[in-house]
Amino acid sequence: MTQTDLVIPRPDDMHLHLRDGDMLRAVTPASARDFGRAIIMPNLVPPVVTRGDVHAYRARILAALPDGADFQPLMTMYLTEQADADEIAAAHAAGEIVAVKLYPAGATTNSDSGVRNLDRVMPVLERMAEIGLPLCVHGEVTDAEIDIFDREAVFIEHVLAPLRRRLPELRVVMEHVTTADGIDYVRGSGGDIAATLTVQHLALNRNALFVGGIRPHNYCLPVLKRERHRLALRAAATSGDRRFFLGTDSAPHPRHAKEAACGCAGCFTAPVALGILAQIFEQEEALDDLPDFASGFGAAFYGLPPATARLRLRRSDRPVDLPARLSAAGVDVEIFDPGFDVHWWPEPAA
Ligand code: NCD
Ligand code: ZN
């Protein structure tokens with residue numbers, strides 16, 4: 001008999017872009033509807049680098065929450081070559097941040113202030129290893145010579161593996177892992193490493209970028225990969241391995257910035273993430289693994305208490321009419337379309 005009802009601990013989104021200003025006001029309610037906590041990416045312009053920035057950004061997020069929302073933003077700092085180890089350690093000690101984010105300079109949206117030379121941030125990374133503060137990594141090299149589909153694998157070989165040999169105690173999260181190489185690296189290496197997986201990389205392969213024409217709303221970074229990589233991600237997500245957990249990487253951009261001659265990278269998945277994810281786990285005959293993946297393993301890695309609230313997902317015989325756009329606070333954003341029928345949907349809170 002088909003399962004029609006699934007109750008899971010209220011999920012955590014371990015990688016989320018909420019932006020700022022009107023966009024923040026427009027998109028925050030979607031995440032707060034289904035998620036209890038989210039790790040908030042610091043790639044604003046200018047980036048979130050000081051304790052003051054963290055404090056002010058968190059306050060703006062809280063102000064954008066609907067009344068009565070059950071949602072806790074977990075803040076991060078953006079690692080620059082000027083970062084101050086003492087300030088980061090103080091923010092961690094005060095419970096103001098749960099991680100520091102490494103963007104190789106130029107790797108993705110708003111990464112210009114990122115790191116060019118890892119040697120310059122070694123003192124900060126050493127301190128983070130000492131105090132157990134995780135480093136969230138955008139794992140792509142930025143070298144224009146390297147094929148865009150190989151940038152993750154090359155990053156692992158030339159940057160991440162050497163860094164972790166140099167500093168094995170550093171806790172690392174490979175964000176939005178997209179390749180079998182990334183999965184194998186996490187599986188095969190000892191130490192305190194984990195990886196987040198996104199909805200879009202579990203749902204689509206790179207063909208989805210070019211179905212009958214160019215599809216800017218499926219463009220994100222790291223870019224979608226071949227089918228064999230997508231299958232490796234699905235296997236990892238449904239394997240019950242606690243090192244793999246959900247980080248949606250929901251990354252909204254205004255429609256005009258996506259549908260452009262040089263369109264921005266990022267898929268806006270937050271409003272549909274849980275429904276699509278349940279559909280994927282059903283396709284994989286692994287619905288039993290969804291609670292750990294979406295609500296358990298991430299919190300455990302970050303040392304957060306298990307969620308006490310619950311989210312109920314219901315399955316309908318007819319496919320759900322997925323929302324296609326969000327128009328709010330004066331912004332217009334296209335919502336991610338997985339390209340297959342989705343029968344699962346979170347039940348609205350009573
Ligand atoms: C993200 C964004 O838009 O901020 N874009 C994306 O394609 N994922 C940045 C990132 O996580 O790489
Ligand atoms: Zn991201």
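Order of appearance sets the numbers: ligands from 1, and atoms from 1 within every ligand.
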statement: Ignoring waters, protein N/O/S atoms under 2.8 Å from the Zn ion (ligand 2) are His15 NE2, His17 NE2, Asp249 OD1
message: Check this for me, if you would: do Arg312 and Asp5 make a salt bridge, where the nitrogen-to-carboxylate-oxygen distance has to be below 4.0 angstrom?
response: yes
- request: Would you please write out the protein residues whose heavy atoms approach any atom of ligand 1 to under 4.0 angstrom, listed by chain and number?
  value: His15, His17, Arg19, Asn43, Thr108, Thr109, His138, His176, Cys220, Leu221, Asp249, Ala251, His253, Ala265, Gly266
message: Tell me whether the count of non-hydrogen atoms from other residues, nucleotides or ligands lying under 6.0 Å of CZ in Arg51 goes above 12.
response: yes
Counterpart residues, side chain to side chain donor-acceptor pair (under 3.5 Å), relative to Glu152 (two or more places apart): Thr178, Thr179
message: Working note: His201 + Cys220, criterion side-chain contact (heavy atoms from CB on, under 4.5 Å); need CA distance, chi angles, decisive distance, verdict.
response: CA-CA 9 Å; His201 293 100; Cys220 65; 3.6 Å; yes
message: Over 60° means perpendicular and under 30° means parallel, so tell me whether Tyr103 and His138 are parallel, tilted or perpendicular.
response: tilted
query: Taking NZ, NE, NH1 and NH2 as the nitrogens, is one of them in Glu282 or Arg315 under 4.0 Å from a carboxylate oxygen of the other?
result: yes
task: Would you mind checking if Glu347 and Arg314 are paired as a salt bridge, meaning a charged N to carboxylate O distance below 4.0 Å?
output: yes
message: Checking Thr50 now: which residues fulfil side chain to side chain donor-acceptor pair (under 3.5 Å) with it, not counting sequence neighbours?
response: Asp53
field: Stepwise side-chain contact (heavy atoms from CB on, under 4.5 Å) test for Asn117 and Glu81
entry: CA-CA 8 Å; Asn117 179 354; Glu81 292 184 355; 4.0 Å; yes
